[in-house]
Every structure is written in C-alpha cells, then in structure tokens.
S.K.: 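Dropping the structure in here first, questions after.
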Amino acid sequence: MSGGTHAGRYDVIIVGGGIMGAATAFHLRTLYGKSVVLLERGMVGAGASGVNFGNVRRQGRFLPQMPLSHRAREIWGRLPELLGEDCEFLATGGLRVAYSQADMAVLEKHVNEARDWDLHLDLLGQNAIRSRWPWLGPDVVGALMSPDDGHANPRLVAPAFGRAAKRAGVVVHEQCEVADIAREATGFRVTAKTGLEVRGEVLLNSAGYWGGRIAADFGEPVPIVPRGPQMAVTEPLPYFMEPVLGGVSSNIYLRQVKRGNVVFGGGLRGPVETDPPRGRPVPELSIAQWGRVVRFVPALAGVQVIRSWTGVEGYMDDDIPVMGESGTTPGLFHAFGFCGHGFQLGPGVGAVMAELIATGRTVTPIDPFHIRRFESLKPA
Amino acid sequence: MADPRIVIVGAGPAGTRAAEAFVRHGLRPVVIDEAQRSGGQIYRRQPPGFSRPAKAVYGFEAGRAEGVHGAFDALAGSIDHRPETLVWNIQAGAVHTAPAGGGAVGRVEYDALILATGACDRVIPFPGWTTAGVYTLGAAQIALKYQACAIGGRVVFMGTGPLLYLVAYQYAKAGAKVAAVLDTTTFATKLGALRRLLAVPQAFLKGLYYLGWLRRHGVAIHEGVTPVRAEGEQAVTAMVFRTARGQERRIECDAVGFGYGLQSETQLADLVGCSFVYEPHSRQWLPEADADGRSSVAGVYLAGDGRRVRGADFAEMAGELAALAVLHDVGRPAAGDRLAELRRGLDRGLRWGGALQAVFPVPHRFLGDLPAETVLCRCEGVTVGDARRAVDDLDAREINRAKALSRIGMGRCQGRYCGLSAATILAETAGADPSTAMRLRGQAPVKPIPLTQQEVPS
C-alpha cells in the first residue's frame with residue numbers, strides 16, 4: 001500500500017463516520033500515512049456516537065475487553081495533544097452503586113477479577129459513601145469506585161476526530177450514503193447514492209447497526225438488532241456530582257457536566273427506525289426512568305428535565321462487538337455492533353483497527369470479538 | 001359507531017371555536033391548555049380577584065375577547081377542560097400531559113387531534129437584549145393585560161408588527177411614560193405596502209388610530225431605526241439606536257419592550273411527525289396543512305397562529321374549520337354553507353397574512369451586523385461569534401449540527417427564541433440561502449417538566 005491517492009483510489013475506504021470510523025481514519029493517516037476516504041451517511045459522529053451517555057468507564061466491562069479499554073483510556077488522556085481539544089473529558093472517577101447485598105456481592109467479585117486485568121477499584125461501604133456523597137439515596141448500601149474513569153461530551157468527540165483526520169489529509173464525505181460495495185480484482189469499489197465512486201485496497205466496515213448488513217452482504221451474517229438508548233438532561237444546577245454514577249442491578253446512569261446540567265439514561269431501550277434513522281424516546285420509558293433517577297439522587301426531585309433524545313445503536317445477541325478482519329473476504333475489516341458500550345472504547349478501537357489494517361496484527365488482544373464466532377449463521 | 005375521541009391543544013380563539021363546533025355536533029372534546037383560564041395569549045384573562053372591565057383590558061378587541069370567553073364558558077359541562085396542563089410529548093394516537101405546577105403525568109388518547117398552539121414573540125437579538133428590564137412586546141402586553149403591571153415607568157418600545165403601536169398605546173393609556181416608539185420599518189416600506197394593507201381596512205384604521213393618538217400625546221416616534229444596544233449594568237438605563245439617517249441616538253429608560261411580530265409554536269406538530277415547509281418571509285419552517293387544516297399526519301389537524309400567523313380573528317375561523325374537517329373525516333359532515341363561508345374567510349386571512357408580512361418585514365438584516373460578543377442563545381450563553389465560528393471552524397452549517405457542537409438552542413427554551421436568528425447567522429456565514437440551515441428538531445419535553453417519582457400512565 002502506498003500513501004498516495006489519485007482518481008478516487010485510496011489505501012483504505014471507511015464506511016461509517018462514527019467514533020470508530022473517525023478514530024480509525026485519524027490513526028491510519030497520522031501514524032501510518034495511509035490515504036483514507038471516510039464515507040458517512042449523515043454527519044460525522046451524529047449517530048450513536050453522538051447521542052450516547054458519554055461514559056468513559058472501564059469498570060463493569062466484559063473483562064477480556066480490558067486491554068482494549070485501557071488502550072482507549074490512555075488516548076482519552078491525550079485528546080488535547082492529538083486533536084487540539086479535550087472534548088470535555090473529565091477524569092472524575094466513576095461510581096457503581098449497590099442497593100442490596102446481592103449487588104454488593106457482584107461488586108466484590110468484580111474487584112477481585114478486575115485486578116487480574118490491571119484495573120484497580122475501591123470498594124466502599126455505606127459509611128464512606130455517606131460521608132463523601134451525602135446526596136446519594138438512603139437505600140444505597142455500597143459502591144465501587146474506579147478512580148481514573150470519567151466522562152466526556154459525546155457530541156464533540158467523533159466530530160473532533162473527524163476534523164483532525166481531515167486536517168491530516170483524510171478525505172471525508174458527509175451526507176454520503178453508500179449504495180453499493182463491490183469486490184474487485186484488487187480491493188473494493190464503493191458507490192454512494194450521491195453518485196460518488198471510490199476505490200480502495202481495504203474496506204473498513206464501521207457502520208454501527210448497519211454494519212450488520214454489510215457483513216451479511218459479504219456472506220457473514222450476525223445477530224444484531226437496533227435499539228435506542230433513552231437519554232435526557234436537566235436544567236443546569238450548581239456543580240455537586242463529581243463522579244459518574246451507574247447502578248449495579250438498577251439500570252440507570254447519571255453524570256453532571258461542568259456547566260451544571262445532569263445528563264442521565266438507562267432503563268429499557270426503545271424501538272427506533274433505521275431507514276432513515278429516526279427515533280424518539282418513548283414517553284412511558286422516560287417517565288419510568290425519571291422515577292429511578294429520583295430514587296438514585298433524591299435531591300434531583302423537582303429539578304426540571306429540559307430535553308430528551310435517543311439514536312440508533314446496534315446490539316449483538318452476546319452483548320460484545322464485532323472487531324477484526326473478515327472471515328470471508330480478504331481486505332475487509334469490521335468494527336461495529338458495540339452494544340451501547342462503545343464510546344469509551346472508541347479511541348482505542350481506532351488505534352487498534354489502524355494498527356491491524358496497516359501492519360496485519362495488533363498488540364491488543366481482540367480475539368473474543370472476531371466475527372467468526374457467528375460462523376454457524378453463515379449461509380450454506 | 002362510538003364517538004370519536006377528540007383532543008384540542010390550546011384554549012385560545014382557535015381552540016375555543018373548534019370546541020364549540022364539536023359540541024354543536026354532539027361531541028365532547030378534551031381541551032388541554034397551559035393557562036388557568038381560557039382565552040389564549042391574545043385574550044388572556046385576568047387572575048381571580050381582578051375586575052377591570054373588558055374595555056380597559058382589551059381595548060378595541062373587547063367585544064371579540066368577550067365573545068371568545070363567553071363561547072368557552074358556555075361550553076362548561078359539555079367539554080372536558082383541563083386547564084394548567086402542559087402537553088409535554090405526543091405520539092401517534094396519544095398526547096402526554098403534565099400539570100403546570102408538577103404532579104402526576106397523564107396520557108390522553110385521541111382519534112382526532114387539533115393543535116391550536118398559538119404563537120410567541122419573534123426575537124432578533126441586539127447587544128444588551130438580555131439585560132434586566134428588556135422584555136418582548138408580547139410579555140410587556142401580557143404583564144399589563146393579565147395583572148395590570150407595567151414593565152417599567154419609562155419605557156421604550158422597539159420593533160415591528162401590529163403589537164408595536166398597540167402596546168405603546170396601551171401603556172400610555174395605562175399611565176406609563178412611553179419614552180419612545182422605535183419602529184424598525186421605514187415609512188417608505190409601509191407606504192409601499194399600503195394597498196395590501198387596505199385589504200383589511202379595519203386593522204389598518206386601528207393602526208392609524210394608535211399612531212395618531214401617540215403623536216398627539218407627544219410620544220416620540222422614529223421610523224426606520226436600527227437597534228445599537230441596551231445600556232445598563234444591573235438593569236437597563238438607556239436604549240441606543242441609529243436613526244434612518246444613520247445618526248446614533250440615546251434614550252434614557254428603565255425598560256425596553258421589543259419584538260418583530262410573532263412566530264408559530266410548532267413543536268408538537270414536529271413531535272407528532274408533521275411535514276414542514278419553508279416560509280421565506282419569516283424564515284420559519286411551518287407545518288404543512290390543507291386549506292381546512294389537515295396536516296400530513298392522519299388524524300392531526302392544525303389551526304390558528306400555530307399553523308401560520310394570521311391573528312386572532314382568523315384563528316377563530318381556522319379553529320372552527322379544522323373542527324368541521326375532523327367531523328367530515330369521521331363521517332359526521334357539517335352543513336356545507338358554513339364550510340364555504342369559513343373557507344372564504346380564511347382566504348381573506350391568507351391575504352391579510354401576506355399584507356402583514358409586507359408592512360412589517362422581519363429585519364433579518366440586523367443579524368449580519370451584530371457584534372460577535374452579542375448573546376444569541378441566552379439559555380446557554382452562546383454568542384453570535386460562537387455561531388459564526390461553528391461554521392468557520394467546525395463546519396456546522398446546519399442548525400442541529402451547530403446545536404450539537406456549540407450548544408445553540410440547547411437550553412430550557414429549546415431554541416424558541418434564538419433558533420430562527422441562529423439559522424440566518426449560520427447561513428449568512430456560510431454564504432448560503434437561509435433555508436439551508438434547516439430547523440431545530442423538536443425534542444420532548446416541549447417545555448421543561450420536573451423530575452418526579454410517579455406511576456407510568458396506562
């Protein structure tokens with residue numbers, strides 16, 4: 001592969017300009033000098049990457065994902081140096097809250113197991129919690145603190161990677177929905193609905209939920225469904241909630257941004273339309289969620305909710321993403337289906353996929369995410 | 001066949017006349033309204049215990065106001081009126097409600113829904129517009145109409161639109177000192193539109209009356225002005241403007257009322273999925289509807305200023321007409337005479353709307369000259385310079401993109417007051433037509449509602 005580009009021919013074509021695609025484009029260009037074209041059906045980072053909660057969380061993950069998550073965390077700390085802006089990333093610490101002894105048992109198990117994956121967590125009892133965060137609800141019995149985790153503004157991160165990639169020479173086409181992907185003698189030809197045609201040796205499928213369709217087109221179907229997270233935000237309040245909060249069995253999460261708004265999500269995921277992508281939070285789910293928020297932080301009772309939103313996320317049936325090279329097609333790579341937990345991983349996924357595409361291997365183990373785990377679904 | 005379930009959102013002139021038509025045809029609509037009493041903004045009623053006569057509150061409009069109030073009051077018992085209730089969200093077939101003061105949320109199912117959501121003030125920012133003591137014209141009028149309060153003792157009124165001279169007149173009549181009326185429209189523009197205005201002679205004569213009265217009472221009137229800034233640290237102390245000849249003038253005051261006509265409240269139509277069309281004069285995207293008020297969504301009808309600003313008289317007709325459209329669509333058609341009469345009336349309304357736009361042009365041109373530090377989105381503290389940078393540095397030419405990256409329109413008011421101005425600034429910075437900046441997507445809740453622990457409505 002060469003660094004040059006001419007007449008719509010590139011080293012790498014990336015389909016899908018979410019955080020995975022944008023971060024991969026950035027790394028491919030800046031670390032390996034590849035010529036890259038990024039095709040995005042809407043605007044870079046305006047899909048699932050832009051509407052999620054913004055959690056930069058490592059605790060509570062599927063543990064074999066930890067090396068990737070650590071690699072991502074290291075990049076999060078360097079965003080100003082890499083992108084020229086911090087994207088409102090704050091390493092405030094993340095707190096996972098237990099309401100019962102059963103919850104506590106889950107946390108205790110996680111502390112012990114995570115240690116083997118180089119993640120060090122502090123288990124806190126009721127007294128410690130009362131003194132540090134007296135505004136937590138009275139039925140909280142304990143919590144797990146991950147001190148170097150935090151949160152960032154999801155609306156800013158993928159666009160910032162996209163702009164930095166563009167500044168470095170990546171060609172970015174927004175409002176450019178892909179109509180057809182064809183395998184050629186050497187590489188791929190991608191035609192967009194706008195009429196744009198590009199060719200490349202390598203194709204990265206980072207198309208989120210729609211990534212499942214691309215994979216199926218190349219003979220490797222995966223079990224993926226679209227779902228919408230139910231997100232909302234309050235009016236600005238005096239800053240009081242430093243750590244990001246999440247529940248163990250209570251599926252609710254909250255964070256307060258520096259200007260004072262409390263962002264929250266969780267609960268059942270709603271239905272969404274995918275063609276074209278469109279979703280609105282389900283009113284009944286919002287109401288149920290708001291009740292749980294008040295239980296979590298009683299001081300928020302009576303605070304005004306000013307806005308709610310959702311978007312299209314892709315969920316795999318085993319709740320872990322698809323990452324790595326195709327099982328059927330040389331030159332095709334996948335990074336999609338992040339099941340609502342891809343935001344923190346995003347910068348790391350970009351680094352790993354760029355490394356894999358450019359060098360043929362990666363120092364970060366990603367085997368559990370290979371698409372071959374769905375081989376039994378392949379058409380006969 | 002069971003009676004169709006009818007929901008009307010808004011108890012102003014349009015909502016009132018719609019409800020009346022349903023009752024006349026034997027149906028019992030649910031009427032949901034944010035205010036304690038019916039009347040809408042234009043005919044807002046005094047709080048309990050206030051007893052000024054209608055003539056003192058509504059002036060020339062007293063007869064019409066009393067007509068609308070009387071019509072609504074006569075429906076008591078025949079409709080399901082839910083005052084002090086916000087429709088915060090909407091789905092196909094159901095609206096979601098929240099009590100104005102907090103409390104249990106609810107859900108009301110409908111077979112037919114009439115959105116009569118009205119309008120709010122059109123704002124174009126100027127330096128100092130967020131200083132305490134600066135109000136919109138509509139707010140200045142409501143303070144007077146509702147609770148007999150003035151926004152100040154020495155007030156400058158500025159802007160364009162039918163409210164400008166009316167509010168100034170009402171304030172002067174009520175005993176406030178009107179320091180000046182600053183009309184952003186030039187005399188020549190008004191003269192040029194005279195013929196169209198004469199299509200609605202009564203309104204024209206009323207305008208002339210207010211103007212003459214103000215002149216006779218020594219109120220300074222300047223036409224063709226450009227706002228420069230409101231001065232004052234804690235509260236406004238003076239309004240500075242440029243005259244039509246380009247001289248800078250300063251008028252001391254303790255309050256400013258300003259506004260550039262009205263804009264439709266379209267958030268619910270957006271949330272329920274209505275298609276929208278760009279209206280180049282106001283630069284607002286408006287929900288599409290047929291002549292009788294049928295929107296692009298089956299079962300959803302639009303009436304009054306929430307569909308298109310034409311004023312209270314035409315809102316009454318549009319409300320009744322939308323109800324007749326519903327009755328037709330549910331197989332209970334009304335007599336044809338009334339339908340034809342209302343359609344003819346609304347045709348006049350279209351001409352009137354066009355005349356209003358010609359006589360009171362929205363001064364979009366002010367936006368291009370605003371200093372960068374002028375606050376554009378007051379909820380989020382986003383400046384005009386931030387908006388221009390969103391285009392220049394972040395390549396955000398579309399308003400939802402600019403919202404995501406710069407917070408424009410992201411706050412409590414959800415862009416009601418900055419959205420249209422922001423779209424023009426984005427488009428001008430990008431050197432593109434204003435329509436290319438598109439419109440802010442609606443997001444529930446339509447207005448803020450409090451977090452509470454409560455049962456999910458079934």
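No hydrogens, no waters, no symmetry mates; every other heavy atom, side chains included, goes into these values. By convention in this document, chain letters (A, B, ...) are assigned in the order of the sequence lines, proteins followed by strands, and residues within each chain are numbered from 1. What you see is a predicted model, and the numbers here were worked out from it, not measured in a lab.
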S.K.: When only pairs under 4.5 Å are counted, which of L156(A), V303(A), V282(A) shares the most heavy-atom pairs with chain B?
M.R.: V303(A)
S.K.: Identify which of N261(A), V294(A), V305(A), T234(A) forms the greatest number of heavy-atom pairs closer than 4.5 Å to chain B.
M.R.: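 Looking at each of N261(A), V294(A), V305(A), T234(A) in turn, V305(A) comes out on top.
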S.K.: Examine whether an atom of R295(A) lies under 4.5 Å from a heavy atom of chain B, and if so say whether it belongs to the side chain, the backbone or both; otherwise answer neither.
M.R.: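 It is both, since atoms from each part get that close.
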S.K.: To check you understand the geometry: which heavy-atom pair defines the closest contact between I306(A) and M410(B), and what is its length?
M.R.: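 Smallest interatomic distance, heavy atoms only, reads CD1-O, 3.9 Å.
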S.K.: Look at P154(A), G302(A), A301(A), G162(A) and state which one has the largest set of heavy-atom pairs under 4.5 Å with chain B.
M.R.: G302(A)
S.K.: Distance from R407(B) atom CZ to N153(A) atom CG, nearest 0.5 Å?
M.R.: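 Rounded to the nearest 0.5 Å, the CZ-CG separation comes to 6.5 Å.
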S.K.: Please lay out, stage by stage, how H96(B) and E284(A) fare under the test side-chain contact (heavy atoms from CB on, under 4.5 Å).
M.R.: CA-CA 9 Å; H96(B) 290 261; E284(A) 287 82 358; 3.4 Å; yes
S.K.: Could you tell me the separation between the CZ atom of R155(A) and the OG atom of S406(B), rounded to the nearest 0.5 Å?
M.R.: 9.0 Å
S.K.: Given W290(A) and V105(B), is the side-chain contact (heavy atoms from CB on, under 4.5 Å) satisfied, shown in steps?
M.R.: CA-CA 12 Å; W290(A) 299 349; V105(B) 295; 5.7 Å; no
S.K.: Report the distance from atom CZ of R280(A) to atom CG of L271(B), rounding to the nearest 0.5 Å.
M.R.: 5.0 Å
S.K.: Looking at every non-hydrogen atom in both residues, tell me the closest pair between S308(A) and Q443(B) and how far apart they are.
M.R.: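 Distance-wise, the nearest heavy atoms are O-NE2, 3.1 Å.
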S.K.: Select all residues of residues 395-405 of chain B having any heavy atom within less than 4.5 Å of some heavy atom of chain A, and report them by number, or 'none'.
M.R.: D395(B), R401(B), K403(B), A404(B), L405(B)
S.K.: Side chains of W88(B) and P283(A), heavy atoms from C-beta outward: is any pair under 4.5 Å?
M.R.: yes
S.K.: Less than 4.5 Å to any heavy atom of chain B: does that hold for the side chain of R307(A), its backbone, both, or neither?
M.R.: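 For R307(A), backbone and side chain are both near chain B.
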S.K.: Non-hydrogen atoms of chain B under 4.5 Å away: do they reach the side chain of E174(A), the backbone, both or neither?
M.R.: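 Only the side chain of E174(A) comes within 4.5 Å of chain B.
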S.K.: Does anything in residues 413-431 of chain B get under 4.5 Å of chain A by heavy atoms, and if so which residues?
M.R.: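 Interface residues of residues 413-431 of chain B: Q414(B).
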S.K.: Heavy-atom cut-off 4.5 Å, strictly under: side chain, backbone, both or neither for L394(B) against chain A?
M.R.: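 Contact with chain A is through both the backbone and side chain of L394(B).
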S.K.: Does R292(A) have more than 12 heavy atoms from other residues, nucleotides or ligands lying within 6.0 Å of its CZ?
M.R.: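 It does: R292(A) CZ has more than 12 such atoms within range.
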S.K.: Measure V262(A) against the heavy atoms of chain B and call it side chain, backbone, both or neither at under 4.5 Å.
M.R.: neither
S.K.: Return the minimal non-hydrogen interatomic distance between N89(B) and P281(A), and the atom names on each side.
M.R.: ND2-O, 4.4 Å
